[in-house]
Visitor: 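One structure coming up, written as structure tokens, with questions to follow.
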Amino acid sequence: MTADTAGGTTEALRSLRREVRELIDAWRADGLFVPRCDNWLRGSDREFTAALAERGWIGMTWPKDLGGGDRSNTARLVVTEELLVAGAPVAAHWIADRQIGPAILRYGTRQLQEEFLPSIAAGRATFCLGMSETEAGSDLAAVRTNARRDDGGWRITGRKIWTSHAHGAEYAYVLARTDRTEQKHEGLTEFIVELAAPGVEISPILDLQGEHHFNEVVLDDVPVPDRWVIGEVGNGWNQVTEQLAFERGGPERMLSTYPLLAAAIDRTGNAAVDRFVRILLGELVARLHALRRLAYEVARTMDRGEAPVQMAALLKDQGTAFEQDVVEVARRVLDGEADPGGETVTGLLAGGVLAAPGVTIRGGTTEILRTIVARSVTTT
Amino acid sequence: MTDREMLERVAADVMNEAGPASAIDVEDGATRTGLWDTIVELGWPLVGIPEDAGGAGGELNDLVTLLAGTGRYCAAVPLLGTALAYWVLASANQLSGPGDVAAAGPARPDEQLTAERAAGGWRLTGRLTRVPWARDADPLLVFAVDGGRQVVLSVPAGTAGVEVRHGRNVAGEPRDDIALNDVRLPIGAEIAEAPPYERVRERAALLQAAAIVGATEAAYELSREHAQTRQQFGRPLAAFQAVGHQIARMLGSVTMGKHAVSSAVETLATSGSSPVTSDRIAAARVVTGCEATAVARRAHQVHGAMGVTREHRLHLATRRLWSWRDEWYPQDWWADRLGARTLAGGAQACWDSVVS
């Protein structure tokens with residue numbers, strides 16, 4: 001049928017999927033993780049990351065001589081979607097694998113690539129995203145964190161917020177202003193910052209579930225070597241826009257609540273179910289088929305070397321609405337209440353309810369996505 | 001240009017103006033349109049049927065592209081039903097050259113027709129409702145039951161005992177009820193080796209989904225154009241974020257429908273009949289139904305008052321969306337079925353089907 005553009009075949013992808021499932025099943029059977037909604041964001045487990053790295057499943061699409069596997073984005077989709085439907089704890093390496101590595105590959109010097117990509121692929125170097133600030137959420141170009149030249153390198157000062165897993169990561173990607181210009185989209189630069197460097201202070205922000213993955217990261221004149229600039233000074237906006245296509249176009253934008261859907265299907269089972277329940281579930285499954293096909297097309301577009309900005313925005317808009325609808329359908333078809341302490345489906349429901357509001361906000365709000373799409377198809 | 005793009009270009013050339021014209025003419029009572037004549041001449045109802053079976057060659061995807069075109073250009077033509085009937089005949093090695101309008105039924109759930117052998121021939125009784133263009137169909141292929149087995153009978157136009165009552169859908173297209181009162185047919189009227197009705201129904205649903213996607217594109221393109229040209233408060237409507245978002249959401253709907261259909265087409269074309277194919281076709285039918293509703297609502301909202309009149313051509317697209325979303329079985333029938341199969345198979349089988 002279809003071929004993995006890196007020269008693999010449908011059979012190779014099926015075999016890859018089986019291997020991923022085997023690892024997941026083994027870990028689950030040993031009680032080494034508990035499936036949860038949103039675990040790709042919440043569940044940081046360095047050992048699980050190491051196990052994936054050992055099998056070459058981090059940095060899969062990167063060149064082999066940089067620690068990667070030279071595989072297609074389609075192959076990466078197969079691995080990542082299986083991890084997501086299982087609710088596996090992949091948070092530690094997810095950001096680096098999904099977007100920082102690709103950003104360094106697209107814009108970084110060879111030296112920078114050699115410095116970071118192999119250790120990301122090995123699961124040793126993990127990243128968090130220093131993008132949002134208190135005054136710069138959707139309006140990312142309004143970031144005030146600034147970087148000044150200092151003695152052959154840079155000094156960065158500012159406060160980043162909503163920085164998931166900064167408390168566990170080795171590095172932060174930081175978007176900072178290097179030039180004050182009239183056009184706020186100019187004068188931005190992308191940096192890599194080591195979180196153990198002097199001047200970095202990280203404090204937790206508890207989320208709706210009372211869990212800690214968000215942080216505030218204060219940077220006080222933090223030294224950064226010049227070689228850790230990604231791409232060109234002043235070209236940060238163009239570069240980050242492409243990075244956002246990688247951030248938005250993946251299966252985690254539709255599968256965050258899949259563990260709950262799976263549990264709801266299996267709990268409802270074959271018992272005499274009424275038509276209402278069948279229709280609600282049938283609609284969700286129908287949308288899932290379409291969404292997965294869209295995710296596959298996004299992967300194929302990336303394999304052609306393009307950054308599918310519009311398609312990724314459409315996928316995230318449709319996919320995150322689906323994620324929220326999964327929670328509401330589960331709530332209506334399950335015979336039980338959301339129970340934060342629950343071990344099975346009622347626990348998943350509680351997690352889903354509390355995770356749901358964030359999905360249409362993080363990684364680009366639905367409103368921003370729609371504006372991006374609207375601008376791509378109309379001129380006014 | 002890819003083959004598909006070329007075919008889309010042909011469809012556009014043929015139907016760009018003739019499509020809307022046919023919609024208006026048919027609604028006004030025209031029994032025939034120049035557009036249908038052209039379509040028959042071009043052999044479109046035979047596309048996707050191998051040449052050595054009497055067809056025009058080409059792939060399923062080509063037929064799907066043409067059906068999408070009928071939606072895109074709001075054409076009132078019996079292409080789906082005719083292509084479906086010819087495919088049934090070809091599958092049974094009984095396609096004897098191109099004809100004109102044909103149809104197959106039942107087209108709605110829970111319609112059981114009875115066939116029995118009688119007096120050296122067949123005796124057919126029952127009722128079919130809302131069959132597209134049944135009034136002009138020659139033949140009408142009827143899927144009936146004789147004891148436990150399927151019997152497909154070819155009913156020529158004018159057969160005694162066949163009572164056709166004319167009706168129309170919300171788009172003004174012919175949707176006829178047929179009463180079969182003790183209809184007698186010769187023994188040779190049976191289409192032995194016809195595909196099972198379930199396969200015919202699935203093929204019809206897939207073609208219907210393709211037509212719906214085309215109609216969503218029509219409504220979307222009209223909206224996009226309107227939002228850029230219509231001005232209020234000194235600027236185009238598209239300059240207002242609320243309107244821009246409606247356009248963006250419509251594109252999302254079109255995109256979902258397109259991907260659901262192409263996934264189903266690819267699966268049917270490469271794997272034939274299978275549980276995954278059935279899932280994908282049901283999914284395509286459900287998604288296009290949902291998106292038809294969403295797009296129609298948004299398109300009218302963007303067009304304002306002009307759009308809810310016959311002065312503007314939006315209604316040609318939206319009335320089709322409202323009709324087609326529940327034809328070849330209602331949207332909820334397919335959702336119910338997909339839900340039931342999902343529950344029976346369990347979550348792992350559901351996911352396996354999604355990624356198959």
Visitor: If we only count heavy atoms from C-beta on, is the A:Val285 to B:Arg341 side-chain gap below 4.5 Å?
Guide: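 Heavy-atom side-chain distance check fails, nothing below 4.5 Å.
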Visitor: Looking only at non-hydrogen atoms, find the nearest pair between A:Ala374 and B:Ala248 and report the distance.
Guide: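 What the structure gives for the nearest pair is N-CB, 4.0 Å.
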Visitor: Side chains of A:Tyr296 and B:His259, heavy atoms from C-beta outward: is any pair under 4.5 Å?
Guide: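 A side-chain contact is absent here, since even the closest heavy-atom pair is not under 4.5 Å.
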Visitor: Would you say B:Gln301 has more than 12 foreign heavy atoms packed within less than 6.0 Å of its CD?
Guide: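 Atom CD in B:Gln301 is not crowded, with 12 or fewer foreign heavy atoms closer than 6.0 Å.
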Visitor: With A:Arg278, which of B:Asp332, B:Asp336, B:Thr342 fulfils side-chain hydrogen bond (donor to acceptor under 3.5 Å, both in side chains)?
Guide: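 Exactly one candidate clears the test, B:Asp336.
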Visitor: Are any side-chain N or O atoms of B:Gln228 and backbone N or O atoms of A:Thr379, one a donor and one an acceptor, separated by less than 3.5 Å?
Guide: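 Such a contact is found between B:Gln228 side chain and A:Thr379 backbone.
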Visitor: Is it true that atom CZ of B:Arg297 has more than 12 heavy atoms of other residues, nucleotides or ligands lying nearer than 6.0 Å?
Guide: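 Count not over threshold, so no.
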Visitor: With a 4.5 angstrom heavy-atom cut-off, could you sort out which part of A:Val78 is near chain B: side chain, backbone, both or neither?
Guide: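 A:Val78 has no heavy atom closer than 4.5 Å to chain B.
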Visitor: May I ask you to name which of B:Gly345, B:Ala239, B:Gly257, B:Ser253 has the most heavy-atom pairs under 4.5 Å with chain A?
Guide: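 Greatest number of close heavy-atom pairs with chain A: B:Ala239.
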Visitor: Quick check: are there more than 12 heavy atoms from other residues, nucleotides or ligands sitting under 6.0 Å from CG of B:Asn16?
Guide: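 Enclosed.
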Visitor: Between A:Val373, A:Leu294, A:Leu281, which shows the greatest number of heavy-atom pairs under 4.5 Å with chain B?
Guide: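 Heavy-atom pairs under 4.5 Å are most numerous for A:Leu294.
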Visitor: Using 4.0 Å as the upper bound for N to carboxylate O, is an ion pair formed by B:Lys258 and A:Glu297?
Guide: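 Salt bridge between A:Glu297 and B:Lys258, a charged N being under 4.0 Å from a carboxylate O: no.
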Visitor: If you define the side chain from C-beta out and look only at heavy atoms, does anything of B:Val354 sit under 4.5 Å from A:Tyr258?
Guide: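 Side chain of B:Val354 against side chain of A:Tyr258, heavy atoms only: no contact under 4.5 Å found.
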Visitor: Can you tell me which of B:Pro236, B:Ser262, B:Ala282 forms the most heavy-atom pairs within a distance under 4.5 Å of chain A?
Guide: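 The residue among B:Pro236, B:Ser262, B:Ala282 with the greatest pair count is B:Ser262.
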Visitor: Under the 3.5 angstrom rule, does the side chain of B:His245 hit a backbone N or O of A:Glu367 as a donor-acceptor pair?
Guide: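 Judged by distance alone, yes, a pair lies under 3.5 Å.
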Visitor: Could you tell me which portion of A:Phe276 (side chain, backbone, both or neither) has an atom closer than 4.5 angstrom to a non-hydrogen atom of chain B?
Guide: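 A:Phe276 has no heavy atom closer than 4.5 Å to chain B.
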Visitor: What part of B:Tyr220 is in contact with chain A, defined as an atom under 4.5 angstrom from a non-hydrogen atom: side chain, backbone, both or neither?
Guide: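 Side chain only.
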Visitor: Got a donor-acceptor contact below 3.5 angstrom from the A:Asp266 side chain to the B:Ala347 backbone?
Guide: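 Pair found, side chain donor or acceptor close to backbone of B:Ala347.
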Visitor: Does any heavy atom of chain B fall under 4.5 Å from the side chain of A:Val85, the backbone, both, or neither of them?
Guide: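 It is the side chain, since no backbone atom gets that close.
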Visitor: Which bit of A:Glu81 comes within less than 4.5 Å of chain B, counting heavy atoms only: side chain, backbone, both or neither?
Guide: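 A:Glu81 touches chain B through backbone and side-chain heavy atoms alike.
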Visitor: More than 12 foreign heavy atoms under 6.0 Å from CD of A:Glu343: is that the case here?
Guide: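 Not buried by this count: 12 neighbours or fewer within 6.0 Å.
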Visitor: May I ask you to name which of B:Ala340, B:Ser353, B:Gly339, B:Ala335 has the most heavy-atom pairs under 4.5 Å with chain A?
Guide: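 Top option by heavy-atom pairs under 4.5 Å: B:Ala335.
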Visitor: Just how far is it from atom CD1 of B:Ile247 to atom CZ of A:Arg370, taken to the nearest 0.5 Å?
Guide: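 Those atoms lie 13.0 Å apart.
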Visitor: Identify which part of B:Glu225 has an atom lying under 4.5 Å from any heavy atom of chain A, answering side chain, backbone, both or neither.
Guide: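 For B:Glu225, there is no contact with chain A at all, as no heavy atom is under 4.5 Å.
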Visitor: Can you tell me which residue pairs pass the side-chain hydrogen bond (donor to acceptor under 3.5 Å, both in side chains) test with a partner in residues 59-74 of chain B, sequence neighbours excluded?
Guide: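 Every candidate side-chain hydrogen bond (donor to acceptor under 3.5 Å, both in side chains) pair involving residues 59-74 of chain B fails, so no pair, neighbours aside, qualifies.
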Visitor: Does any backbone or side-chain atom of B:Trp334 lie under 4.5 Å from a heavy atom of chain A? Answer side chain, backbone, both or neither.
Guide: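 Contact with chain A: none, neither part.
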Visitor: Do B:Trp351 and A:Leu255 come close enough that some side-chain heavy atom pair is under 4.5 Å?
Guide: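 They are in contact (side-chain heavy atoms under 4.5 Å apart), so the answer is yes.
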Visitor: How many angstroms lie between atom OG of B:Ser263 and atom NE2 of A:His289, to the nearest 0.5 angstrom?
Guide: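 Between atom OG of B:Ser263 and atom NE2 of A:His289 there are 7.5 Å.
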Visitor: Contact part of A:Arg267 toward chain B, heavy-atom cut-off under 4.5 Å: side chain, backbone, both or neither?
Guide: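 For A:Arg267, neither part sits under 4.5 Å from chain B.
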Visitor: Measure distances from A:Leu314 to the heavy atoms of chain B and classify the residue's part below 4.5 Å as side chain, backbone, both or neither.
Guide: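 Answer is side chain: those atoms of A:Leu314 sit under 4.5 Å from chain B.
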Visitor: How close do B:Ala260 and A:Ala290 get, heavy atom to heavy atom, and via which atoms?
Guide: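 Closest pair (atom of B:Ala260, atom of A:Ala290, distance): CB-CB, 3.9 Å.
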Visitor: Under the rule for side-chain hydrogen bond (donor to acceptor under 3.5 Å, both in side chains), what residues qualify as partners of A:Arg375, not counting sequence neighbours?
Guide: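 If we apply the side-chain hydrogen bond (donor to acceptor under 3.5 Å, both in side chains) test to A:Arg375, skipping adjacent residues, there are no hits.
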Visitor: Can you tell which part of B:Gln246 gets under 4.5 Å to a heavy atom of chain A, answering side chain, backbone, both or neither?
Guide: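 Neither part.
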Visitor: Examine whether an atom of A:Gln318 lies under 4.5 Å from a heavy atom of chain B, and if so say whether it belongs to the side chain, the backbone or both; otherwise answer neither.
Guide: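 For A:Gln318, side-chain heavy atoms alone lie under 4.5 Å from chain B.
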Visitor: Could you report the tightest heavy-atom contact between B:Cys350 and A:Ile265, atom names first, then the distance?
Guide: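 That closest heavy-atom pairing would be SG-CD1, 4.3 Å.
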